[in-house]
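My questions will all concern the structure given below.
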Protein chains: 2
Amino acid sequence: MHPKLDNRIRVFRAEHRMSQSDLAEAIGVSRKTISTIEVGKFVPSTIIALKIADYFNVPVEEVFSLIKDEEETA
Amino acid sequence: MHPKLDNRIRVFRAEHRMSQSDLAEAIGVSRKTISTIEVGKFVPSTIIALKIADYFNVPVEEVFSLIKDEEETA
DNA sequence: CCTTAGAGTAACCTATAGGTGTCATTAAGG
DNA sequence: CCTTAATGACACCTATAGGTTACTCTAAGG
């Protein structure tokens with residue numbers, strides 16, 4: 001029903017040379033939250049999306065993007 | 001703990017002259033979801049935030065923004 | 001070899017997102 | 001006046017976000 005959600009968190013982490021724990025601490029969530037979001041296990045709340053994007057100083061759209069159905073099955 | 005979330009959905013709806021039902025239908029959620037998000041009753045998922053922003057052709061940050069603690073208590 | 005850091009995952013739990021339906025209120029129109 | 005559209009709000013329900021703790025595995029270093 002809902003499209004899937006792609007994320008580039010690990011890329012931004014790599015650029016900033018920080019671990020999942022570092023980012024988790026920086027934005028005030030658990031490491032598990034960062035890990036499971038990265039792996040795509042669940043869709044984060046808008047607050048977390050804004051915090052992550054804000055932390056990396058990029059728009060939300062650069063971190064998270066909707067995967068259209070065609071792309072999903074591609 | 002988490003900052004609050006501000007939204008300008010009703011402003012964008014006004015500009016596009018559409019009702020909550022119209023928007024709900026357009027992005028594939030219930031009217032109640034739009035209504036409760038607008039009123040600030042809960043924080044939507046990143047997927048819904050992206051869909052709404054995408055629908056109005058603006059970045060997520062123009063529709064949703066974090067309310068910092070100082071602003072909250074102001 | 002051992003230790004440590006980084007990451008994935010699993011079980012478990014609680015809070016809440018988001019669906020349903022229904023009702024009350026308001027504004028606009030016949 | 002009655003009807004209809006738009007919105008807010010309620011009860012109720014299910015799925016899942018996101019927390020904790022702990023285990024596993026890998027890579028890097030001593």
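In what follows, every chain begins at residue 1, and chains take the letters A, B, ... in the order their sequences are listed.
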Q | pair Leu5(B)-Leu50(A): side-chain heavy atoms closer than 4.5 Å | A | yes
**Q.** Sequence neighbours excluded - salt bridge (charged side-chain N to carboxylate O under 4.0 Å, His left out) pairs with any residue from residues 27-46 of chain B
**A.** Arg10(B)-Glu38(B), Arg13(B)-Glu38(B)
**Q.** Protein proximity profile, nucleotides 5-15 of chain C - base contact B, sugar-phosphate-only contact S, no contact -, cut-off 4.0 Å on heavy atoms
**A.** --BBBS-----
Q | Ser21(B): partners by side-chain hydrogen bond (donor to acceptor under 3.5 Å, both in side chains), with sequence neighbours left out | A | none
Q: Take the protein atom CG of Leu23(B) and the nucleotide atom C1' of dT7(D), then report the distance between them rounded to whole Å.
A: 14 Å
Q: Grab the CD1-P distance between Ile48(B) and dT16(D) for me, whole Å please.
A: 13 Å
Show me the donor-acceptor pairs, under 3.5 Å and distance only, between side chains in residues 54-67 of chain A and residues at least two apart or in other chains.
from: Glu61(A); atom 1: OE2; to: Val60(B); atom 2: N; distance (Å): 2.9
from: Ser65(A); atom 1: OG; to: Arg8(A); atom 2: NH2; distance (Å): 3.2

**Q.** Ile27(A) and Ile34(A), any side-chain heavy atoms less than 4.5 Å apart
**A.** yes
Q | Spacing of Arg17(B) atom CZ relative to dT7(D) atom P, expressed in whole Å | A | 14 Å
Q: Starting from C1' on dG8(D), measure out to CD1 on Ile9(B) and report it in whole angstrom.
A: 15 Å
Q: Would you confirm whether Ser45(A), through its side chain, and Val43(B), through its main-chain N or O, come within 3.5 Å as a donor-acceptor pair?
A: no
